[in-house]
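Just so we're on the same page: letters track the sequence lines, and every chain starts at 1.
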Amino acid sequence: MTLEETLIPLVKQAVHSLYGVEANDQQIQLQKTRAEFEGNITLVVFPFVKLARKAPQQVAAEIGEWLQSNAGQLVAKYNAVQGFLNLSIADRFWISQLEAVDAEAEYGKQPDRKKLMMVEYSSPNTNKPLHLGHVRNNLLGYSIAKIQEANGWQVVKTNIVNDRGIHICKSMLAWLKYGNGETPASSGKKGDHLIGDYYVRFDKEYKKQIAELMNAGKDEETAKREAPLMLEAQEMLRKWEAGDKEVRDLWTKMNEWVYAGFDETYRRMGVSFDKIYYESNTYLEGKAEVEKGLAAGQFYRREDGSVWADLTKDGLDEKLLLRSDGTSVYMTQDIGTAKLRYRDYPIDKMVYVVGNEQEYHFKVLSILLDRLGFPFGKELVHFSYGMVELPNGKMKSREGTVVDADDLMDKMVEDAKEISKDKVNTLQGITEEEANEIARKVGMGALKYFILKVDPRKNMLFNPEESIDFNGNTGPFIQYTYARIQSVLRKAESLEKSALSCQLEEKELTLIQRLTDYPAVVRQAGDDFSPAVVCNYAYALACDFNSFYHDLSILNEPDASKKALRLLLAKNVAKVLYSAMALLGIEMPERM
RNA sequence: GGUCCGGUAGCUCAGCUGGAUAGAGCAACAGCCUUCUAAGCUGUGGGUCUCGGGUUCGAAUCCCGACCGGAUCACCA
């Protein structure tokens with residue numbers, strides 16, 4: 001039983017016996033006691049002041065007195081400051097809490113809900129490599145999946161790969177024209193980067209042609225439409241849709257290169273998927289689903305042949321579902337993907353990790369899926385996160401202002417390696433291979449924490465000129481705290497079986513209390529879809545531990561029962577830090 | 001213009017389901033390694049919580065209105 005669960009009925013009894021009224025749960029406000037006052041937990045008594053018809057201070061004192069007299073085992077001391085009743089909870093209670101934490105191997109994990117949640121994230125285009133914006137998406141998606149698993153959901157991580165369309169044809173065309181048969185093997189480039197280069201090349205040549213046409217007197221719109229490269233790309237798309245063997249073979253080959261590149265990037269990021277869908281397989285399903293809806297009278301066809309959904313009753317506009325030439329749009333494909341997914345899994349809740357610029361799209365998708373009879377449609381979750389901005393604004397692929405995911409990861413690991421060079425301890429008795437592995441974990445930990453600690457809904461700023469920190473409120477700080485504990489535990493070797501001390505130092509008590517917060521933190525992170533909640537908690541726990549570690553010796557403590565308690569405490573702090581970081585996809589080094 | 005989101009220290013961010021004197025980190029300055037890992041600990045300085053009203057015992061937090069910034073409202077994805 002948590003402290004709150006233990007205390008609430010007691011407060012109710014107190015209020016009832018003192019003032020003869022029944023307090024409801026909402027009136028009982030418990031919060032952590034602020035550091036400047038004595039006590040562990042504070043009851044805000046203002047809600048009872050009117051019932052009691054007494055001054056706040058007096059009400060607080062009366063309730064405090066009642067609790068101490070009637071529940072002295074729990075409430076050791078109290079003090080009343082204005083309307084705040086600060087309670088000091090008996091050491092024995094905290095020690096039993098620590099023992100309870102220690103007894104649970106998966107402390108913090110919530111009961112199985114027997115329900116399935118599908119989390120879609122990443123969703124790359126196959127015409128360019130991943131950049132920092134994708135990194136935020138991937139880290140958030142992976143972490144949300146872990147957090148919901150910890151909240152008792154069965155989670156299926158999925159990815160929808162946008163592998164077809166005009167943008168893919170642009171890369172293919174540029175490669176055919178200017179590539180001279182270049183391959184990842186021949187050039188030594190990662191496949192996704194190679195394709196990305198040709199996507200950029202297309203844009204460059206295309207702009208040239210536009211300029212030429214405009215010099216010849218055409219207006220910009222016409223020039224854009226009539227540039228030979230654009231016409232060729234469109235022709236290629238038509239051939240692709242018609243199943244032209246040459247185009248399809250080229251498409252398959254180039255996409256394979258990209259996938260090999262993505263796989264490497266995903267592996268380094270530490271993210272994974274249980275099931276991958278490809279747009280090239282789902283768009284036809286979408287069309288079929290729209291035709292069905294059309295036949296059922298849910299949609300309507302205009303004179304030019306295009307198909308629309310009327311959403312004016314839902315307060316939205318009309319939405320195009322099929323173009324007049326019969327081809328599908330983004331929405332159509334999402335409907336098709338949803339259909340396949342629902343065929344494959346008994347989805348109870350569907351979560352889309354997609355940037356906030358697509359909020360309108362998902363509002364519409366939700367309504368459409370609901371109309372088409374998907375049970376999860378109405379309550380689908382668009383986990384909408386903010387943009388990553390650079391000091392001079394948004395990242396734009398074409399203007400070369402993107403922060404490449406692979407480059408960034410390289411840089412982080414390099415920095416970690418550089419920093420660890422100065423740390424004598426790291427190098428003692430450690431092979432180069434181990435040192436590299438530590439640098440990888442620490443560099444990636446710094447990057448992941450940097451991104452995940454920000455409230456997902458908010459835009460965040462990344463300044464490429466300033467390197468990401470390794471000190472202070474960072475991933476490495478938490479990893480370091482963990483590594484320190486592991487070092488102590490290694491040296492402790494035989495965990496002495498001494499009885500635990502039954503008296504606590506203030507910093508020990510603070511740490512135990514923090515440990516007891518963890519399950520609630522997991523729940524809140526799940527309810528809010530917020531890895532940042534987990535970051536904040538892990539940081540606070542690490543801070544508490546470092547302060548404890550600084551002030552109190554563990555291994556050199558002469559009193560065996562105190563030593564046993566501190567070891568148990570350290571062990572469980574490490575356990576919870578490890579668990580919390582795992583929810584963020586951050587690995588912990590055993591030493592650093 | 002309609003809708004949605006944001007505005008907290010020089011910078012990056014917590015706190016937002018109303019509670020005590022608004023917190024961290026970075027940057028600056030001053031201390032702490034003969035002791036379990038100094039990627040650490042301790043301290044100093046730094047604030048009109050964008051502004052104006054309202055709600056009440058109490059507002060950074062809730063409501064209304066301005067202002068500023070962003071997103072979105074495609075036969076783009």
Side-chain angles (χ1 to χ4, degrees), chain A residues 26 29 31 33-34 36-37 42 44-47 49-50 56 81-84 86 123 125 162 165-167 279 302 304-308 315-317 319-331 333-334 354-361 363 384 386-387 389 393-394 416 419-420 422-426 428 442 446 450 453-455 457-463 466 468-481 483-492 524 527 532-533 535-536 539-540 542-543 545-547 549-557 566-567 570 591-592:
Chain A
Q26 262 199 329
Q29 295 177 40
Q31 56 187 261
T33 303
R34 295 179 65 117
E36 59 263 38
F37 300 98
T42 295
V44 182
V45 303
F46 287 108
V49 166
K50 272 185 199 152
V81 181
Q82 298 167 43
F84 299 91
N86 303 318
S123 312
N125 288 337
N162 300 302
I166 191 74
H167 50 291
E279 194 182 289
R302 287 188 184 170
D304 63 5
S306 56
V307 176
W308 296 75
L316 302 172
D317 285 333
K319 188 75 189 172
L320 177 83
L321 298 177
L322 290 176
R323 295 192 186 96
S324 49
D325 64 3
T327 58
S328 64
V329 293
Y330 185 40
M331 190 63 72
Q333 289 145 184
D334 262 353
V354 179
N356 60 14
E357 75 246 335
Q358 294 192 30
E359 272 167 11
Y360 183 74
H361 172 80
K363 208 174 277 180
S384 163
M387 302 285 98
E389 291 172 329
K394 273 182 76 173
I419 288 167
S420 70
D422 305 333
K423 314 290 168 201
V424 183
N425 286 313
T426 305
Q428 277 178 352
V442 172
F450 174 80
K453 79 170 174 181
V454 180
D455 182 340
R457 290 172 303 144
K458 292 188 179 175
N459 288 358
M460 64 177 289
L461 187 93
F462 176 78
N463 187 348
E466 296 168 12
I468 292 174
D469 257 304
F470 287 77
N471 297 320
N473 185 358
T474 66
F477 171 85
I478 294 161
Q479 291 171 318
Y480 178 70
T481 306
R484 271 177 147 182
I485 296 173
Q486 293 311 304
S487 175
V488 170
L489 295 179
R490 276 192 300 272
K491 286 179 181 160
Q524 207 208 329
D527 291 347
V533 168
C535 289
N536 291 340
Y539 179 61
C543 283
F545 181 83
N546 281 319
S547 178
Y549 180 88
H550 180 265
D551 289 4
L552 302 169
S553 183
I554 301 169
L555 297 176
N556 299 326
E557 169 57 48
R566 285 175 197 169
L567 276 169
R591 59 185 77 198
M592 64 186 272

Inset, instruction - Report which part of the nucleic acid A/Val442 touches: base, sugar-phosphate, or nothing (heavy-atom distance under 4.0 Å, all strands). - result: base
Legend entry - Is_stacked (A/Tyr549, B/rC36) at 5.5 Å, 30 deg: yes
Inset, instruction - Could you please name the option among B/rA39, B/rA24, B/rC36 that lies closest to any side-chain atom of A/Tyr539? - result: B/rA24
Legend entry - Side chain proximity check, A/Phe84 to A/Val44, heavy atoms < 4.5 angstrom: yes
Legend entry - Pairwise P distance, B/rA60 and B/rG23 [rounded to whole Å]: 13 Å
Legend entry - Anti versus syn assignment for B/rC67, with syn defined as within 90° of 0: anti
Inset, instruction - Kindly say if A/Thr42 contacts the phosphate of B/rG19, meaning a side-chain N or O under 4.0 Å from OP1 or OP2. - result: no
Inset, instruction - Considering just the side-chain nitrogens and oxygens of A/Lys458, establish if one lies under 4.0 Å of OP1 or OP2 belonging to B/rA14. - result: yes
Legend entry - Short side-chain N/O contact to B/rA39 OP1/OP2 from A/Tyr480, under 4.0 Å: yes
Legend entry - Heavy-atom closest pair, residues A/Leu461 and A/Phe450: O-CZ, 4.1 Å
Inset, instruction - Please report the closest heavy-atom contact between A/Ala446 and A/Asp469, naming both atoms and the distance. - result: CB-O, 4.1 Å
Inset, instruction - Would you mind classifying the nucleic acid contact of A/Asn86 as base, sugar-phosphate or nothing, using non-hydrogen atoms under 4.0 angstrom? - result: base
Inset, instruction - Could you work out which one of B/rC13, B/rC36, B/rA14 sits closest to the side chain of A/Met460? - result: B/rC13
Inset, instruction - Provide, to the nearest angstrom, the distance between the CG atom belonging to A/Asp334 and the P atom belonging to B/rC76. - result: 16 Å
Legend entry - Inter-nucleotide P distance (B/rU56, B/rA71), Å rounded: 39 Å
Legend entry - Minimum heavy-atom distance between A/Ala542 and A/Thr481, given as atom pair plus value: CB-OG1, 3.7 Å
Inset, instruction - Quick one: sort the A/Tyr539 and A/Phe477 rings into parallel, tilted or perpendicular, breaks at 30° and 60°. - result: tilted
Legend entry - Heavy-atom closest pair, residues A/Val329 and A/Leu321: CG2-O, 3.6 Å
Inset, instruction - Name the closest nucleotide to the A/Val81 side chain, picking from B/rA14, B/rA20, B/rU37. - result: B/rA20
Legend entry - Residue pair A/Val442 / A/Gln479, side-chain heavy-atom distance below 4.5 Å: yes
Inset, instruction - Quick one: label A/Leu552 by what it contacts on the DNA or RNA (base, sugar-phosphate, nothing), any heavy atom closer than 4.0 Å. - result: base
Legend entry - Side chains of A/Asn162 and A/His167, donor plus acceptor under 3.5 Å: no
Inset, instruction - Determine: side-chain N/O of A/Arg323 to OP1/OP2 of B/rC76, distance under 4.0 Å, yes or no. - result: yes
Legend entry - Position toward the 5' end of RNA chain B (nearest nucleotide), A/Asn546 or A/Asn162: A/Asn546
Legend entry - Rounded distance in Å between the C1' positions of B/rC16 and B/rG58: 16 Å
Legend entry - A/Arg484/A/Asn546 under side chain to side chain contact (heavy atoms under 4.5 Å, CB included): CA gap, chis, key distance, verdict: CA-CA 9 Å; A/Arg484 271 177 147 182; A/Asn546 281 319; 2.8 Å; yes
Legend entry - Rounded distance (Å) that lies between atom P of B/rC11 and atom CG of A/Asp469: 17 Å
Legend entry - Distance in angstrom units between A/Phe462 CZ and B/rC13 P, rounded: 12 Å
Inset, instruction - With the side chain counted from C-beta on, respond yes when A/Asp317 and A/Tyr360 share a heavy-atom pair under 4.5 Å apart, and no when they do not. - result: yes
Legend entry - Euclidean distance for P, B/rG6 against B/rC41 (whole angstrom): 32 Å
Legend entry - Which atom of A/Pro56 lies closest to which atom of A/Val45, heavy atoms considered: O-CG2, 3.7 Å
Legend entry - Donor-acceptor contact below 3.5 Å, side chain A/Asn356 vs main chain A/Ser384: no
Inset, instruction - Pick the P atom in B/rC49 and in B/rA9, then give their distance to the nearest Å. - result: 10 Å
Inset, instruction - Answer yes or no: is there an ion pair linking A/Asp325 with A/Arg323, defined by an N-O contact shorter than 4.0 Å? - result: no
Legend entry - Pair A/Arg302-A/Ser306, side-chain hydrogen bond (donor to acceptor under 3.5 Å, both in side chains): steps then yes or no: CA-CA 5 Å; A/Arg302 287 188 184 170; A/Ser306 56; 5.1 Å; no
Inset, instruction - Remember a base hit wins even if backbone is also touched, and classify A/Val44 as base, sugar-phosphate or nothing at under 4.0 Å, heavy atoms. - result: base
Inset, instruction - Take atom C1' in B/rC64 and the same atom in B/rA59, then report the distance between them in whole Å. - result: 15 Å
Legend entry - Rounded interatomic separation in angstrom, taking CG from A/Leu461 and P from B/rC26: 18 Å
Legend entry - Nucleotide nearest A/Lys491 (side chain, heavy atoms from C-beta), chosen from B/rC41, B/rG19, B/rC36: B/rC36
Legend entry - Inter-nucleotide P distance (B/rA66, B/rG47), Å rounded: 31 Å
Inset, instruction - Could you check whether A/Asp325 gets within reach of a base, just the sugar-phosphate, or nothing at all, counting any heavy atom under 4.0 Å? - result: nothing
Inset, instruction - For A/Ser306, answer base if it contacts any base atom (sugar-phosphate contacts may also be present), sugar-phosphate if it contacts only those atoms, and nothing otherwise; contact means non-hydrogen atoms under 4.0 Å. - result: base
Inset, instruction - Determine the Euclidean distance between corresponding P atoms of B/rG15 and B/rU34; express it in Å to zero decimal places. - result: 40 Å
Inset, instruction - Identify whether any heavy atom of A/Ile554 sits under 4.0 Å from a base atom; if not, whether one sits that close to sugar-phosphate; answer base, sugar-phosphate or nothing. - result: base
Inset, instruction - Answer yes or no: does a side-chain N or O of A/Ser487 lie under 4.0 Å from OP1 or OP2 of B/rC36? - result: no
Legend entry - Between B/rU12 (P) and A/Asn463 (CG): distance, integer Å: 9 Å
Inset, instruction - Quick one: closest heavy-atom pair of A/Pro47 and A/Gln29, and the distance? - result: CG-NE2, 3.7 Å
Inset, instruction - May I ask you to say what A/Glu466 touches in the nucleic acid, namely base, sugar-phosphate or nothing, with a heavy-atom cut-off under 4.0 Å? - result: nothing
Legend entry - Identified stems (criterion: three or more consecutive Watson-Crick or G-U pairs, under 3.5 Å), RNA chain B: B:1-7 with B:67-73, B:10-13 with B:23-26, B:28-32 with B:40-44, B:50-54 with B:62-66
Legend entry - Distance test, side-chain N/O of A/Lys453 to OP1/OP2 of B/rG25, below 4.0 Å: no
Inset, instruction - Would you mind telling me which residue lines up with the more 5' stretch of RNA chain B, A/Phe470 or A/Ser328, judged by nearest nucleotide? - result: A/Phe470
Inset, instruction - Could you tell me whether the side-chain ring of A/Phe46 sits stacked on the base of B/rG58, using a centroid cut-off under 5.5 Å and a plane angle under 30°? - result: no
Would you tabulate the nitrogen or oxygen pairs shorter than 3.5 Å linking the protein to nucleotides 70-73 of chain B?
residue: B/rC73; atom: O2'; partner: A/Asp317; partner atom: OD2; Å: 3.3

Inset, instruction - Indicate, yes or no, whether a donor-acceptor pair under 3.5 Å links the base of B/rA39 to the side chain of A/Ser420. - result: no
Inset, instruction - Quick one: do A/His361 and A/Val354 satisfy side chain to side chain contact (heavy atoms under 4.5 Å, CB included)? Show the steps, please. - result: CA-CA 10 Å; A/His361 172 80; A/Val354 179; over 6 Å; no
Distances under 3.5 Å only, N/O to N/O: pair up the protein atoms with those of nucleotides 21-23 of chain B.
residue: B/rG23; atom: OP1; partner: A/Arg34; partner atom: NH2; Å: 3.0

Legend entry - Donor-acceptor pair under 3.5 Å, A/Asn471 side chain vs B/rA38 base: no
